[in-house]
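Quick caveat, the model's predicted, so the values are computed rather than measured.
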Amino acid sequence: MIKKLAFLLVSIWGLAGLSVRAQDPHFSQFYANPLYLNPAFAGVAKCPKVHLNYRNQYPTLGVYQTFSASYDQYFDGIRGGLGFLVLRDEAADGTLSLTEASAMYSYHLKVNRKFSILAGFQATFRQRALDNTGLTFPDQIEPFYGFVRPTAEVLENTTNQHLDLTFGFLGYTERFYFGGVVSHLTEPNEAFLTESKLPRKYTFHAGATIPLGKRRLYNTTQNMLIPHVVYQQQSTAFQLTAGLSFNRGPITGGLALRHGNANPDALVLIVGFAPDNIPWTIGYSYDYTISNLTNALGGAHEISLSYRFPCPQKRKRREAIKCPKF
């Protein structure tokens, strides 16, 4: 009951249009959900590819879950990639939810034999919804029996729908990559009452690949170290994640530190299986909370799956970007 009351207070502040502003859902396995990180990633794998992602935040509470699914493919005729993404974010067992459906196009420009630039454009339909059947209000409280009275509160608007735009770019060579994104260019109003604009989000990400040992002829499973960093800022909130991934054959492992506004937030441990001879990959990550909140709420669990379809036979093989798989 205390958990529901806490969520109720936050919801009421948001409904009233006060200074509480929503923040975007996030995933710890950034590169296992590339279209959500940056629309310029559309078609970067060249072959058609599907990504599925699930995140369970604070499993002790059991109220924060995020799901996403995406598909992208490169097309020679448009010199770029097309991508589609759907996302569902639920708080308080679905009482407050966000549903997104996005379409994106990424233009691929090969500057020279070693360097390529990609520019991504994304249009998103967003819907926030409030299920008021799961809410309780102070006027329902009876001192001896609890929440037994009917409420006089009437919520006329329980959905908010709008269109949103995002732009991103990506540059890479065989050894390093970098990219940037500006999300919510239109700063849409997300309030159910009055006005509460969703602030723009700025993202910068970069990394490098460091081969370990000599690469033998016809060997595509060379061991590699991949340091990477992702910085995101939305209004006054920012998040910096710096990590190191290690690829040894089909096995990938990684460790990252996520830092928030005031203090370190979590250690992220990642393990994945991505063999070259089969078209699917699977990854798992766990966020161990190291902030003042402690790990009492269970951190966060995240699972990613991807499947790569065969490329059209007439297409010449192209070099894809080398970045963390998860």
Side-chain angles (χ1 to χ4, degrees), residues 3 6 23-34 36-38 41 51-68 87 89-91 176-181 201-210 212 223-274 281-306 322-326:
K3 297 174 186 176
Q23 303 294 330
D24 287 344
H26 76 274
F27 292 89
S28 295
Q29 298 180 48
F30 295 102
Y31 295 100
N33 197 353
Y36 187 69
L37 175 64
N38 189 338
F41 273 110
H51 294 273
L52 302 174
N53 302 82
Y54 168 72
R55 179 178 177 85
N56 186 355
Q57 180 86 27
Y58 303 140
T60 302
L61 295 178
V63 293
Y64 299 106
Q65 298 186 84
T66 308
F67 313 80
S68 77
L87 178 139
D89 182 61
E90 297 180 352
F176 72 90
Y177 61 93
F178 61 91
V181 187
K201 182 175 71 175
Y202 301 91
T203 301
F204 175 79
H205 58 97
T209 58
I210 305 173
L212 301 178
N223 300 335
M224 288 188 178
L225 282 177
I226 307 180
H228 53 91
V229 61
V230 178
Y231 176 83
Q232 297 179 313
Q233 177 151 358
Q234 191 169 18
S235 186
T236 58
F238 75 85
Q239 183 183 93
L240 175 66
T241 304
L244 181 67
S245 296
F246 173 68
N247 292 352
R248 181 177 176 84
I251 304 298
T252 293
L255 181 66
L257 174 65
R258 187 170 64 236
H259 197 291
N261 285 55
N263 51 261
D265 174 35
L267 282 174
V268 183
L269 296 88
I270 303 173
V271 62
F273 184 67
T281 64
I282 182 171
Y284 168 78
S285 65
Y286 178 71
D287 296 10
Y288 183 85
T289 305
I290 58 176
S291 66
N292 295 332
L293 189 61
T294 75
N295 206 52
L297 299 180
H301 299 273
E302 195 169 307
I303 298 173
S304 65
L305 293 169
S306 71
K322 294 181 179 178
C323 64
K325 295 181 176 65
F326 308 97

Full working for side chain to side chain contact (heavy atoms under 4.5 Å, CB included) between R55 and H26 | CA-CA 9 Å; R55 179 178 177 85; H26 76 274; 3.3 Å; yes

Begin from the C-alpha positions of H228 and F30 and carry the test side chain to side chain contact (heavy atoms under 4.5 Å, CB included) through to its verdict.
-> CA-CA 10 Å; H228 53 91; F30 295 102; 5.8 Å; no

Apply side chain to side chain contact (heavy atoms under 4.5 Å, CB included) to the pair L267 and L257, showing each step before the final yes or no.
-> CA-CA 5 Å; L267 282 174; L257 174 65; 3.9 Å; yes

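S285 places none of its side-chain heavy atoms less than 4.5 Å from the side chain of F27. Contact annotation: the side chain of L240 approaches that of V229 to within less than 4.5 Å [non-hydrogen atoms, C-beta and beyond]. Two residues are said to be in side-chain contact when any heavy atoms from C-beta on lie closer than 4.5 Å; K325 and I226 fail this criterion. You'll find the side chain of V268 reaches within 4.5 Å of the side chain of R258, heavy atoms only.
From I282, atom CD1 reaches atom CG of L305 across 5.0 Å, with rounding to the nearest 0.5 Å. Separating the CD atom in E302 from the OH atom in Y54 is a distance of 10.5 Å, to the nearest 0.5 Å. The structure places CD of Q232 at 13.5 Å from OH of Y202, a figure rounded to the nearest 0.5 Å. Here N263 contributes atom CG and I290 contributes atom CD1; the two are 8.0 Å apart, rounded to the nearest 0.5 Å. Here T66 contributes atom OG1 and D24 contributes atom CG; the two are 10.5 Å apart, rounded to the nearest 0.5 Å. The CZ atom of F67 lies 9.5 Å from the CG atom of D89; values are rounded to the nearest 0.5 Å.
Scanning both residues, Y177 and P227, for their nearest heavy atoms gives OH-O, 4.4 Å. What you find for A32 and N53 is that their closest heavy atoms are O-ND2, 3.2 Å. Shortest non-hydrogen contact noted between F326 and A274 is CZ-CB, 4.4 Å. The two atoms that bring P25 and L87 nearest to each other are CG-CD2, 4.3 Å, heavy atoms only. In plain terms, the two heavy atoms of S28 and I270 that are nearest each other are O-CD1, 4.4 Å. When all heavy atoms of S245 and P324 are compared, the closest pair comes out as OG-CB, 3.9 Å.
Not a single donor-acceptor pair under 3.5 Å links the side chain of N56 to the backbone N or O of Q65. Judged by distance alone, the side chain of T289 and the main-chain N or O of N295 form no donor-acceptor pair under 3.5 Å.
Between H51 and F41, the gap from one ring centroid to the other reaches at least 6.0 Å.
The side chain to side chain contact (heavy atoms under 4.5 Å, CB included) test with N38 is passed by exactly one of V181, V230, T203: V181.
Side-chain polar atoms of H301 and Y284 form a donor-acceptor pair below 3.5 angstrom.
At most 12 non-hydrogen atoms from other residues, nucleotides or ligands lie less than 6.0 angstrom from OH of Y288.
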